[in-house]
Amino acid sequence: MATDTLKGKPGAQDGATGGLRRLLLDNGALTALIVLVVAMSALSGDFLTTDNLLNVGVQAAVTAILAFGVTFVIVSAGIDLSVGSVAALSATVLAWSATEAGIPVVLAVLLAVATGIACGLVNGFLVSYGKLPPFIATLAMLSVGRGLSLVISQGSPIAFPDSVSHLGDTLGGWLPVPVLVMIVMGLITAFVLGRTYIGRSMYAIGGNEEAARLSGLRVKRQKLAIYAFSGLFAAAAGIVLASRLSSAQPQAAQGYELDAIAAVVIGGASLAGGTGKASGTLIGALILAVLRNGLNLLSVSAFWQQVVIGAVIALAVLFDTLRRKAGAGTPAAGASGGGNRGRQALTYVIAAVVAVAVVGATSLLHNGSSDGRSQKIGLSLSTLNNPFFVQIRNGAEAEAKKLGVDLTVTDAQNDASQQANQLQNFTSEGLSSIIVNPVDSDAAGPSVRSANKDDIPVIAVDRGVNKAEASALVASDNVEGGQLGARALAEKLGGKGTIVILQGQAGTSASRERGAGFAAGLKEYPGIRVVAKQPADFDRTKGLDVMTNLLQAHPDVDGVFAENDEMALGAIKALGSKAGKSVQVVGFDGTPDGLKAVQEGTLFASVAQQPRELGRIAVQNALRAAEEKKVDKTVKVPVKVVTAENVAGFEG
């Protein structure tokens, strides 16, 4: 009512200034997006390019599609934490059905969609009829969905059918298909919320569930449909994501449920239910994408990026709260009046004009600003939450400084999709060359092919890239390292005994290759028996916990092989006084902490890959490739088993 009154009386307070103020207050998320776009355009000359803006759209697509589905749930005062896992499960079902099971692709797609809907229906049943809180029900599905994805794929990525992979391509060579899918799903969301009985029911349930029930709504059945919608959209997002990566990753979309919820809330929806709209959700997803893209272009530390993104989410929600307290108009639940739609359309037109004008002005700051001070190289690491990859970064940065190279380092956090975004950003910047340490060799292929099209040389480090052209591969052999680890442990045990294996993160090439090499090497020693294998995700704390549990079932174990030093150090902590005496432990990577444990005698050996050397040589080859000099296709850095006998002279 207050909004209508203001709108109907254009008095002194409702002049141009007051109108602009209300326009900004009533559209907090849109205002934030405009400010971000203007700021990034002013700070980076690489932001406001056609290629980069399309990248932003592609990078927002999966989050936006997930968020559209979550919008239905949040509008009805629920929550869905399972959408990331359901997306990964649906994509895995599609890939497995079309490849391993030989099911026709069309039926495989329908099966994937049905999987998403089924997961949603289970969530809805648990919430409606099981009386579980939505948080608990969907948290359970998060775990179940991820576990089933790993079971079906056996922890390894599955190549996506070519006919479906085209969803990750472009139309006409420039318009990305994921962006089109995002727009279509957004229109469907807007139609469902604003034009259908189920949409109006969502607002009614979110506003007051008891009142909705007393007014004749079948609330339980409506909730089944609401969560089924969320599962359907999660399946669509999973298919689009896997298409971009040309493979179904069992660990894909981890944490995306939080991004989806954040996008919905930033877009103006209330977690208490009753408010929310598709356009706001889209704006929220774009804010997150613009922020990540811009921070990459500005070479902001990967660690600081997480801090900044968290702060922006908090500020956006705080702004919306203050706006509501100040009495600014809020979108009516399910309102669809012609005047309201007309004013909303006018708002977006004005916003677009303002954004174009300001961005156009700021872009003049960068005209002719490109300089040739030094070669620019991008380094995308699979993770910086591991000392091995930190050492690769340190070696690369030291060599870049020595050669006068401008090096930008990004952290993919073991997320193949995030790494694809980072590689696309590097390509948009027009870097001299790119170094990539792939999260997954298949998933990195499409992004590397994009760099190939722009004639940007790519150097792969530690792991290769499949179905794309890498100028060079700088790596040690993980399979050979696994074999050397098996030989060292078996000989230390005298060729007989029982051992356990601590595996790395399921689905990663490093874990697969090291495990395969160790298994192959162990075949030479039939007296060695593996009594247990358990993943500990390359993490020291998990290595401690898993080893503690395994010791309950196998207290007399003679040896441990851990697929990296971090897990080995956790195992040593669990073994206590047994480590290095009655139980021999072999790690992998040759990290500083691992080498220190070798010196102390608690770790028998570490298969060292000399990570600093990997980083140093990768930068050398990247610079040579950028200068169009000849580089060797494969550059091998020797793998070495480090024990107490040779650790003193070893330099990682």
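Just so we're clear, the structure is a prediction, and the values are computed from it rather than from any experiment. Along the sequence shown, the residues carry numbers beginning at 1.
With 3.5 Å as the limit, one finds no donor-acceptor pair spanning the side chains of Ser428 and Asp51. Side chain to side chain, Thr383 and Asn385 fail the donor-acceptor criterion of an N or O pair below 3.5 Å. In this structure, a donor-acceptor pair under 3.5 Å is absent between the side chains of Gln422 and Gln419. Between Ser441 and Asn466, the side chains place no donor N or O within less than 3.5 Å of an acceptor N or O (distance only, hydrogens not considered). One side chain, Asn437 or Ser382, offers a donor N or O that lies under 3.5 Å from an acceptor on the other. Under the 3.5 Å distance criterion, with hydrogens and angles disregarded, no donor-acceptor pair is assigned to the side chains of Gln59 and Arg244. Defined by atom type and a distance below 3.5 Å, a donor-acceptor pair is missing between the side-chain atoms of Thr92 and Ser153.
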Quiz item: How far apart are the C-alpha atoms of Phe72 and Phe233, what are their side-chain angles, what is the distance that settles it, and do they pass the ring-ring contact (aromatic ring centres under 6.0 Å, His included) test?
Solution: CA-CA 10 Å; Phe72 299 131; Phe233 277 64; 5.5 Å; yes
Self-check item: Check against salt bridge (Lys or Arg N to Asp or Glu O under 4.0 Å), Glu397 and Arg616
Solution: CA-CA 8 Å; Glu397 288 179 338; Arg616 187 181 70 81; over 6 Å; no
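Side chain of Ser149 to backbone of Gly145: no donor-acceptor contact under 3.5 angstrom is found. Listed for the Asn55 side chain is a donor-acceptor partner under 3.5 Å among the backbone atoms of Gln424. No donor-acceptor pair under 3.5 Å is formed between the side chain of Lys277 and the backbone N or O of Leu193.
Just one residue in the list Asn421, Val300, Asp259, Val308 forms a side-chain contact (heavy atoms from CB on, under 4.5 Å) with Arg292, and that residue is Asp259. Across Val109, Val113, Leu111, a single residue satisfies side-chain contact (heavy atoms from CB on, under 4.5 Å) together with Val93, and that is Leu111.
Residues Glu469 and Lys453 are not paired through a salt bridge, judged by the lack of any N-O separation under 4.0 Å between the basic side chain and the carboxylate.
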